[in-house]
**Q** 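Following this message is one structure expressed as structure tokens.
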2 protein chains.
Amino acid sequence: MTRARQAGEAPAPEPYATEAICGRILERHRDTVSVRKAHVATANLARIIEAVLRLSSRQGFHETSLRDLAKASGLSMGGLYSYFDNKNTLLLMILTEVAQTAEAVLGNPPPGVAERPAAHLRWLIETHLRLTEAMQPWFVFAYMEAKGFPAPARRIATEGELATERMFAGVLERGAAEGVFAIEDVDLTASLIKPLLQDWYVKRAKYRKRGTTIERYVAGVTDFVESAILARPAQSPPGSADRDGRNPAAVP
Amino acid sequence: MTRARQAGEAPAPEPYATEAICGRILERHRDTVSVRKAHVATANLARIIEAVLRLSSRQGFHETSLRDLAKASGLSMGGLYSYFDNKNTLLLMILTEVAQTAEAVLGNPPPGVAERPAAHLRWLIETHLRLTEAMQPWFVFAYMEAKGFPAPARRIATEGELATERMFAGVLERGAAEGVFAIEDVDLTASLIKPLLQDWYVKRAKYRKRGTTIERYVAGVTDFVESAILARPAQSPPGSADRDGRNPAAVP
DNA sequence: GTCTATACCGGGATAGAC
DNA sequence: GTCTATCCCGGTATAGAC
């Protein structure tokens with residue numbers, strides 16, 4: 001991801017365009033892709049993956065047949081098999097790429113940010129949302145298709161999940177230690193932030209229909225989270241005061 | 001759901017046991033189920049659905065074959081078809097039951113609660129979590145399997161989603177009007193609460209592994225949400241003060 | 001009411017021509 | 001490197017015995 005650019009490589013003005021990402025995938029799978037010329041391989045891989053992401057978003061990956069995929073990508077059945085040895089490998093290519101990208105991007109805050117927990121938290125929220133926006137079909141695919149598949153696929157997705165959750169937990173921990181955050185249970189709070197970020201790409205259609213912009217959403221989540229956890233100087237500690245009596249609603 | 005109990009009907013101490021729910025499903029599908037005796041029909045339906053929920057949670061619904069389902073439920077291939085006319089109907093049975101139950105339960109707050117927004121919000125959160133806990137496999141199924149299936153199935157799930165979101169929006173609206181909540185954007189806030197509740201059943205395995213109890217989670221979400229939106233008497237309005245400068249992190 | 005046996009189709013994967 | 005033709009399995013659904 002954040003590797004040094006090779007001499008002669010294209011400047012890649014769009015690091016999250018499908019073609020650019022497929023170039024990186026190719027590097028990781030030189031062995032399973034039998035096509036030698038790099039530029040034709042990336043081009044075709046891009047068409048395949050663009051197609052599989054599109055079809056899967058409607059029908060799911062398993063329900064997407066290789067025949068459909070061949071038609072949609074413009075290749076033939078046999079042609080597909082020079083890019084992966086079986087359907088499951090195609091799944092893994094996408095999942096690992098998503099996981100790697102997320103870890104590389106979120107693990108590299110700009111200089112100075114990581115030292116200030118409040119700023120770091122804010123950066124994590126905004127960067128996460130913008131990354132998943134730029135690679136929306138990829139993240140939706142990873143989220144939706146990870147379950148119910150062979151163990152290795154599951155693990156990749158789950159690990160990625162937990163990795164980013166740990167980043168949040170780390171920031172919250174440091175912020176709480178410095179006294180800028182007031183948090184009772186760091187791990188629980190970290191796991192509550194995660195779904196707020198995932199909602200943006202998982203339910204993208206809903207937000208699009210409502211006309212919610214990403215700027216609005218970033219601001220909304222940031223305010224929501226900060227209101228919940230920022231330490232407030234002149235106020236009683238959370239979880240103690242001014243609550244009206246519990247109303248234990250047993251399920252009827 | 002909240003119908004009057006028929007004379008002679010069992011007292012049903014467990015309204016969310018699989019058998020009890022399948023009794024209700026049977027009422028709604030007397031036409032497609034060809035087995036006449038009610039008690040044998042509900043018993044078998046329960047075994048079928050218990051099996052399909054279990055298998056689908058691992059492999060997904062589409063990947064679960066009717067052969068597997070027959071083995072797991074103890075019925076034969078042919079036997080299954082006296083309970084539904086095709087696989088898709090089985091899917092719809094489950095989805096509609098989940099949607100109906102959620103709406104019936106969440107739409108009936110105990111007397112006095114609906115009048116006080118703070119109490120109502122708290123009741124909604126706790127009831128939602130406890131309901132989805134009691135029917136966890138059902139809700140996971142509905143959440144996971146709704147996408148990628150024929151339009152009618154999609155609609156049922158989406159409608160259910162929006163219905164509960166509207167309940168939250170309504171409460172927040174009233175609370176804001178009364179001045180007990182300080183909320184900039186009611187609709188956005190309502191849609192942020194939803195994923196916090198869904199996370200409990202979608203990622204149930206994670207929380208189980210960590211030893212997070214439902215009481216802990218209820219308290220955690222309640223505190224988180226209330227800290228975020230409860231109006232604070234002696235404090236500047238949200239979204240204005242004491243934030244360190246924005247740190248607009250463009251995706252690198 | 002439930003089972004066994006079977007029809008039939010669409011899926012993934014491969015062989016070999018071009 | 002890519003395509004066409006084909007194999008074979010496993011899926012849904014049904015027919016007819018018990």
Side-chain angles (χ1 to χ4, degrees), chain A residues 22 25-26 29-49 51-52 55-56 58-94 145 148-150 152-153, chain B residues 22 26 29-49 51-52 55-56 58-94 145 148-150 153:
Chain A
C22 290
I25 293 184
L26 189 60
H29 296 267
R30 276 275 157 74
D31 43 340
T32 76
V33 177
S34 74
V35 178
R36 308 312 321 253
K37 293 178 193 167
H39 63 282
V40 56
T42 39
N44 277 338
L45 203 52
R47 301 203 302 177
I48 293 171
I49 289 187
V52 77
L55 294 179
S56 298
R58 288 202 283 259
Q59 323 164 321
F61 180 72
H62 186 98
E63 295 82 333
T64 299
S65 75
L66 292 186
R67 292 191 218 275
D68 290 347
L69 182 54
K71 252 190 287 281
S73 67
L75 291 181
S76 67
M77 279 292 292
L80 292 181
Y81 277 86
S82 37
Y83 293 91
F84 46 79
D85 50 355
N86 62 62
K87 203 185 172 191
N88 201 50
T89 302
L90 177 57
L91 175 71
L92 288 179
M93 282 180 172
I94 302 178
E145 306 296 346
F149 262 101
Chain B
C22 289
L26 188 60
H29 296 267
R30 277 274 157 75
D31 43 341
T32 76
V33 177
S34 74
V35 178
R36 308 312 321 250
K37 293 178 193 168
H39 63 284
V40 56
T42 39
N44 278 336
L45 203 53
R47 302 203 301 179
I48 293 171
I49 289 188
V52 77
L55 294 178
S56 298
R58 287 203 283 260
Q59 324 165 319
F61 180 72
H62 187 99
E63 294 83 334
T64 300
S65 75
L66 293 186
R67 290 192 222 270
D68 292 347
L69 182 54
K71 252 190 286 281
S73 67
L75 290 181
S76 67
M77 280 294 292
L80 292 181
Y81 278 86
S82 36
Y83 292 90
F84 47 80
D85 49 357
N86 62 63
K87 203 185 171 191
N88 200 51
T89 303
L90 177 58
L91 176 72
L92 288 180
M93 284 179 172
I94 302 177
E145 306 298 346
F149 262 100

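Naming convention: chains lettered A, B, ... in sequence-line order (proteins, then strands); numbering from 1 in each chain.
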**Q** Starting at atom CZ of A/Arg36, determine the distance to atom C1' of D/dG1, rounded to an integer number of angstrom.
**A** 12 Å
**Q** Could you tell me how far apart A/Tyr83 (OH) and D/dC3 (P) are, to the nearest whole angstrom?
**A** 9 Å
**Q** Using a cut-off of less than 4.0 Å, is there contact between a side-chain N or O of B/Tyr81 and OP1 or OP2 of C/dT2?
**A** no
**Q** Regarding A/Thr64 and A/Asp68, do their side chains bring together a donor and an acceptor under 3.5 Å, going by distance alone?
**A** no
**Q** Of the listed nucleotides (D/dT12, C/dT2, D/dG1), which one gets closest to any side-chain atom of B/Ser65?
**A** D/dT12
**Q** In whole Å, I'd like the distance from the CG atom of B/Asn86 to the P atom of D/dG11.
**A** 17 Å
**Q** So which of residues 67-77 of chain A are in contact with DNA chain C, with a heavy-atom cut-off of under 4.0 Å?
**A** A/Arg67, A/Met77
**Q** How long is the straight-line distance from CD of B/Glu63 back to OG of B/Ser56, given to the nearest 0.5 Å?
**A** 8.5 Å
**Q** Heavy atoms under 4.0 Å, any strand shown: does A/Phe84 hit a base, just sugar-phosphate, or nothing?
**A** nothing
**Q** Could you measure the distance from the OH atom of A/Tyr83 to the CD1 atom of A/Ile25? Nearest 0.5 Å is fine.
**A** 13.5 Å
**Q** Report the distance from atom CD1 of A/Ile48 to atom C1' of D/dT2, rounded to the nearest whole Å.
**A** 12 Å
**Q** Is the backbone N or O of A/Leu69 less than 3.5 Å from a side-chain atom of A/Ser73, with the two atoms forming a donor-acceptor pair by type?
**A** yes
**Q** If I take atom CD1 from residue B/Ile49 and atom SG from residue B/Cys22, how far apart are they, to the nearest 0.5 angstrom?
**A** 4.0 Å
**Q** Identify the two heavy atoms, one from B/Ala38 and one from B/Leu26, that lie closest to each other, and give their separation to 0.1 Å.
**A** O-CD2, 3.8 Å
**Q** So, is the end of the B/Lys87 side chain (NZ or CZ) under 6.0 Å from the ring centre of B/Tyr81 and within 45° of the ring's axis?
**A** no
**Q** Could you tell me how far apart A/Glu63 (CD) and C/dG10 (P) are, to the nearest whole angstrom?
**A** 16 Å
**Q** For residues A/Phe61 and A/Glu145, report the shortest heavy-atom separation together with the two atoms involved.
**A** N-OE2, 3.1 Å
**Q** Rounded to whole Å, how long is the line connecting atom CG of B/Leu90 with atom C1' of D/dA13?
**A** 15 Å
**Q** Expressed as a whole number of angstroms, how long is the span from A/Lys87:NZ to C/dG10:C1'?
**A** 12 Å
**Q** As an exercise, state the distance from CG of A/Asp31 to CG of A/Asp85, rounded to the nearest 0.5 Å.
**A** 9.0 Å
**Q** Let me check the geometry of the helix from C/dG1-D/dC18 to C/dC18-D/dG1. What is the bend angle between the axes at its two ends, five pairs each, to 10°?
**A** 0°
**Q** Just how far, in rounded Å, is P of C/dA7 from CG of B/Leu66?
**A** 19 Å
**Q** Looking at B/Asn44, does any N or O in its side chain come under 4.0 Å of the phosphate oxygens OP1/OP2 on C/dT2?
**A** yes
